[in-house]
S.K.: 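Right, I'll just put the structure down here and ask away after.
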Amino acid sequence: MGTLRKLPGTKLAEMFSSSAKPCMDAEGRFFIDRPGTYFGPILDYLRSERLPTHHIPEVYREAQFYAIKPLVKLLEDTPQIFGEQVARKQFLLRVPGYSENLELMVRLARAEAMAARRSPVLVCAVRTEEDAAHCADALRILEAEKRSVVKFGPWKAAPQVKDLLDCVKMDITAQGYQVYYEPYSGRTLRAKYFSYFYTFVFIWW
């Protein structure tokens, strides 16, 4: 009990305080609706301040849930969490409508999935305002042909178009979908526009 109450202000300390009424199962065991797999590293830190060496993103989420601020801060300094939270996430915050575009891509792919093994989704990625102006005509052509296009950018950050495409693939894959992307090679557009357009292919079976 002393281990669980070690850090005042955490959810564990609150759960097991004398005034709290913890949730218990039918056999009288304390019940916490979280994955038990990653609770061991939480206890290790509370006991001896030992940091985990495996499953760091998962332990990080648990530390956030239990509001163990010292552990959260230490994990945020690890390369794995630093890269995700500071580098990649901060880049994506500079891409307008990134999360909404991911949702749109999934909706379009699912709409095309009827009796199909694959669903292609056309994406336009423009890093600068100049690129956006350059491919405006191509977007108008596709719109006239009633082609759905998900447009990313422009953005004010160093990463290139391939970095953005890799992020899109990573985040859609993290939702459980099998997907890959390739350069657009359709006949609708002239070759000078190809560097702005990519096809994401969702594989259903």
S.K.: Does Lys169 pair with Asp166 as a salt bridge, N-O distance under 4.0 Å?
M.R.: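 Result for this pair is no, no salt bridge flagged.
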
S.K.: Determine whether Leu165 and Tyr198 satisfy the following criterion, side chain to side chain contact (heavy atoms under 4.5 Å, CB included), listing intermediate values before the conclusion.
M.R.: CA-CA 9 Å; Leu165 298 175; Tyr198 300 83; 3.7 Å; yes

S.K.: Taking the side chain as every heavy atom from C-beta outward, state whether Tyr45 and Pro70 have any atom pair closer than 4.5 Å.
M.R.: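 Sidechains of Pro70 and Tyr45: in contact.
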
S.K.: Find out whether Val161 and Trp155 are in side-chain contact, i.e. whether some heavy atom of one side chain is under 4.5 Å from a heavy atom of the other.
M.R.: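 Yes, side chains in contact.
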
S.K.: Under 6.0 Å between ring centres, would you say that holds for Phe200 and Tyr181?
M.R.: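 Phe200 vs Tyr181: aromatic centres under 6.0 Å.
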
S.K.: With the threshold set at 4.0 Å, does a side-chain nitrogen-carboxylate oxygen contact exist between Arg34 and Glu62?
M.R.: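 Answer for the salt bridge query: yes.
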
S.K.: Does Phe91 reach the side chain of Val95, with side-chain heavy atoms less than 4.5 Å apart?
M.R.: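 Side-chain contact under 4.5 Å: yes.
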
S.K.: Tell me if a side-chain donor or acceptor on Asp163 pairs with a main-chain N or O of Gln160 at a distance below 3.5 Å.
M.R.: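 Answer holds: yes.
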
S.K.: With heavy-atom distances below 4.5 Å as the criterion, would you say the side chains of Leu43 and Leu4 are in contact?
M.R.: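 A side-chain contact under 4.5 Å exists here.
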
S.K.: Under a 4.5 Å cut-off applied to non-hydrogen side-chain atoms, are Trp205 and Ile203 in contact?
M.R.: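 A side-chain contact is absent here, since even the closest heavy-atom pair is not under 4.5 Å.
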
S.K.: Begin with the C-alpha distance, continue with both residues' side-chain angles, and end with the deciding distance and a verdict on side chain to side chain contact (heavy atoms under 4.5 Å, CB included) for Val126 and Phe152.
M.R.: CA-CA 6 Å; Val126 289; Phe152 289 88; over 6 Å; no

S.K.: Would Leu92 and Cys167 count as a side chain to side chain contact (heavy atoms under 4.5 Å, CB included) here? Give the steps.
M.R.: CA-CA 8 Å; Leu92 296 177; Cys167 286; 3.9 Å; yes

S.K.: Give a yes-or-no answer on whether the side chains of Tyr177 and Arg110 include a donor-acceptor pair shorter than 3.5 Å.
M.R.: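 Judged by distance alone, the side chains do pair up.
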
S.K.: If we ignore angles and hydrogens, is there a donor and acceptor under 3.5 Å between the side chains of Tyr196 and His134?
M.R.: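 Tyr196 vs His134: donor-acceptor pair found between side chains.
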
S.K.: Going by atom types only, do Tyr60 and Gln80 share a side-chain donor-acceptor pair under 3.5 Å?
M.R.: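 No, no side-chain donor-acceptor pair sits under 3.5 Å.
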
S.K.: Donor-acceptor check, side chain of Lys6 to backbone of Leu46, threshold 3.5 angstrom: yes or no?
M.R.: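 Looks like yes, one N/O pair under 3.5 Å.
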
S.K.: Does the side chain of Val149 come within less than 4.5 Å of Leu139's, by heavy atoms?
M.R.: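 The answer is yes, as the side chains (C-beta and beyond) meet within the 4.5 Å cut-off.
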
S.K.: If the threshold is 4.0 Å, N to carboxylate O, is there a salt bridge linking Arg88 and Asp171?
M.R.: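 Result for this pair is yes, salt bridge flagged.
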
S.K.: Between the side chains of Asp131 and Arg127, is the shortest nitrogen-to-carboxylate-oxygen separation below 4.0 Å, so that they form an ion pair?
M.R.: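 No, Arg127 and Asp131 are not salt-bridged.
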
S.K.: Tell me if the centroids of the rings in Phe16 and Phe30 come within less than 6.0 Å of each other.
M.R.: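 For Phe16 and Phe30, the ring centres are under 6.0 Å apart.
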
S.K.: Which atoms form the tightest heavy-atom contact between Trp204 and Ala116, and what is the distance?
M.R.: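 For Trp204 versus Ala116, the nearest heavy atoms are CD1-O, 3.8 Å.
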
S.K.: With side chains defined as the heavy atoms from C-beta onward, is the minimum distance between Leu93 and Gln90 less than 4.5 Å?
M.R.: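 Sidechains of Gln90 and Leu93: in contact.
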
